[in-house]
Student: 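One structure, as C-alpha cells, below. Some questions next.
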Amino acid sequence: MNRFSQPDTAGHFGQFGGIYVAETLMTALKELADAYETARRDPAFLAELRHHLKEFAGRPTALYHAGRLTEHCGGAKIYLKREDLLHTGAHKINNALAQALLARRMGKRRIIAETGAGQHGVATAAACAKFGLECVVYMGAHDMQRQALNVFRMRLMGAEVRAVEAGQKTLKEAINEAMRDWVTNVRATHYILGTAYGSHPYPMMVRDFHRVIGQEAREQILARENRLPDEIIACVGGGSNAIGIFFDFLEDPDVRLTGVEAGGRGIKRGEHAARFAGGKLGVLQGCKTYLLQDPDGQIELTHSVSAGLDYAAVGPEHAFYHERGRIDFTYATDDEVLEAFQLLSRLEGIIPALESSHALAHGIKRAKALPKDKLILINLSGRGDKDVQQVEGFLGKPACSTFA
Ligand SMILES: *Cc1c(COP(=O)(O)O)cnc(C)c1O
C-alpha cells in the first residue's frame, strides 16, 4: 500500500476526517468498520464484487482516445475514462453495489441512502432491487421537483423515496434525515453513503470501492501508450470519482493530479462550491474538513450548474492531499462547463454529465497549454442524459433549433 493511504483507526487523514457523530451511532460505525475490514480481506467477497461489477455494472469501462477533441485543442493527447458507460450512468454504481453486498453480509436487509440530484439514489435503488433489499431514499423536496425523472426511476425499481421538507430542502437536509433514520433503526439498517465523505470508515471505504477506476486506467494507458499519463483530471463533489481514479497514481510523482471543483457564477459568497477557493476548516455531517462557512461558522449557501458538485464540504482525504501538495485543486465556472458539455457532444458524440464537464473544461485548457507529446487522462464520471433538459433551458433555445 502506498505511504499516504491509510487513515488512523479513528479515520484521520492528518488533521482531517475522523468521527463526529452522536454516541448512538458510534456502535454502528464501529460494526461497519469491522465488517469492512474482514470483507476487504475475504477473497470470496472480492470475487463476488468483481463478478457483479462485470456482469451487472459493465466493468471494465473503456479508455477512449478523444481524437477530435485532441485535434481541436492542438496540444496534449486526451484520453477519457468512460465511467459514463456504466449501468445507471455514472461511477456511483461501483460503491452502491459494493455496499449493498456488504450490508447483505452483515445481515442487514434494509438500506437507506441520501441523494441530491438522484444519481446515487438511482444506483442504490438498482443495487437493492438486484439483491432483494428494502430501500428507502431521502431526498430534499426541492431536489425531487428538479429531478422528477430520477424519482420515478427509483420508484420503478422498488425504492421508497421520502421527501425532506427541512431547510433548503436539498442534499444537506437529506443527509441529516438519513442519519436520523439510521440512529433509530440501526440494528436492521445499513446506510449507503454516496461519496467519500462522512465519518470513518465511509471516506476510506467508498474510496476503496472506486479504486477500480484508477487500477483499470493504469493498465489501459500502459497497454496503449507504454507509459503513465502526465496529468489526470477529475471533478470533485464529495470526492469519490476523483479519489477513485487518483489513488493508484499517488506514488507516481511525475503524474500530476488535478481536482476540479464547481466555480458556479464565480468565487463570491453563495455563488460557488469551490471549497479550496474560500473554505475554512470545520466540521459538517460527521467529518472535519474544508467547508464553505460564514464568519460565525454557519454553512454558506452554494451554487453550481451541476447538482452533483453542489455541496459545502469536501472529502477529508482531498483536504489532506491538498495540504500535502500532492493534489492540485482548481475550479471551472458554469459558463466554461456548458461550453465543454457542448464541445464534447459535438466533437466526439459523447454527452457528458455536467459534473464531468468540469473536469473536461479544465482538461481542455490544459491540453491547449501542453505540447503534443504529453498525455492527459480525464475521468468522465457520468453521462449527460440526465442534464439535457436543463442545458436546453440554459442555452435559451431548443437544443435542436439549428436543425429545424
Ligand atoms: C455524484 C456525481 C459526481 C460527484 O460526486 P463525487 O463523489 O465527487 O465523485 C460527479 N460526477 C457524476 C456523474 C456524479 O453523478
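Note that the structure is predicted; figures quoted are calculated from it, not measured. Atoms within a ligand are numbered from 1 in the order they appear, just like the ligands themselves. As a basis for the values below, the full set of heavy atoms in this structure was taken, side chains included, without hydrogen atoms, waters or symmetry mates.
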Student: Number the atoms of ligand 1 from 1 as they appear, then name those within less than 4.0 Å of a heavy atom of A353, with their elements.
Tutor: 13 (C)
Student: More than 12 foreign heavy atoms under 6.0 Å from CD of E300: is that the case here?
Tutor: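 Atom CD in E300 is crowded, with more than 12 foreign heavy atoms closer than 6.0 Å.
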Student: So, regarding G237 and ligand 1 (criterion: nitrogen or oxygen to nitrogen or oxygen, under 3.5 Å), is there a contact or not?
Tutor: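 Yes; the residue has a nitrogen or oxygen that sits under 3.5 Å from a nitrogen or oxygen of the ligand.
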Student: What atoms of ligand 1 come within less than 4.0 Å of a heavy atom belonging to G239?
Tutor: 6 (P), 7 (O), 8 (O)
Student: Considering non-hydrogen atoms of the protein only, which is the closest contact for atom 7 (O) of ligand 1, and what is the distance?
Tutor: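 Of the protein heavy atoms, T195 OG1, 2.5 Å lies nearest.
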Student: When you measure from atom 12 (C) of ligand 1 to every protein heavy atom, which one gives the shortest distance, and what is it?
Tutor: S381 OG, 3.5 Å
Student: For atom CD of Q15, is the number of surrounding heavy atoms from other residues, nucleotides or ligands below 6.0 Å larger than 12?
Tutor: yes
Student: So between P352, G308, S357, S356, whose heavy atom ends up nearest atom 4 (C) of ligand 1?
Tutor: G308
Student: Side chain to side chain contact (heavy atoms under 4.5 Å, CB included) for T195 and H120? Distances and angles first, verdict last.
Tutor: CA-CA 9 Å; T195 187; H120 175 57; over 6 Å; no
Student: Please indicate whether any nitrogen or oxygen in S240 is less than 3.5 Å from any nitrogen or oxygen in ligand 1.
Tutor: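 In this structure, S240 places an N or O atom under 3.5 Å from an N or O of ligand 1.
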Student: How are the rings of H318 and F246 set to each other: parallel, tilted or perpendicular (split at 30° and 60°)?
Tutor: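 Because their plane-to-plane angle is over 60°, the rings of H318 and F246 count as perpendicular.
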Student: Should we say atom NZ of K30 is surrounded by more than 12 heavy atoms from elsewhere, each under 6.0 Å from it?
Tutor: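 Not buried by this count: 12 neighbours or fewer within 6.0 Å.
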Student: Looking only at protein heavy atoms, identify the closest one to atom 2 (C) of ligand 1 and say how far it is in Å.
Tutor: K92 NZ, 2.3 Å
Student: Going by an N to O cut-off under 4.0 Å, is there a salt bridge joining R105 and E48?
Tutor: no
Student: Can you say whether the rings of W182 and Y191 are parallel (under 30°), tilted (30 to 60°) or perpendicular (over 60°)?
Tutor: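 Taking Y191 first and then W182, their aromatic rings stand perpendicular (interplane angle over 60°).
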Student: Enumerate the atoms of ligand 1 whose separation from the nearest heavy atom of G382 is less than 4.0 angstrom.
Tutor: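 It comes down to these atoms of ligand 1: 13 (C).
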Student: Need the ligand 1 atom indices (1-based, order shown) with element for anything under 4.0 Å from a heavy-atom of Q119.
Tutor: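 In order of number, 15 (O).
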Student: Any N/O of G238 closer than 3.5 Å to an N/O of ligand 1?
Tutor: yes
Student: Measuring from non-hydrogen atoms of H91 to any atom of ligand 1, is the shortest distance under 4.0 Å?
Tutor: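 In this structure, H91 qualifies as a contact of ligand 1 - some heavy atom is under 4.0 Å.
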Student: Describe, in one word, how the ring planes of H87 and F56 are oriented to each other, choosing from parallel (under 30°), tilted (30 to 60°) and perpendicular (over 60°).
Tutor: perpendicular
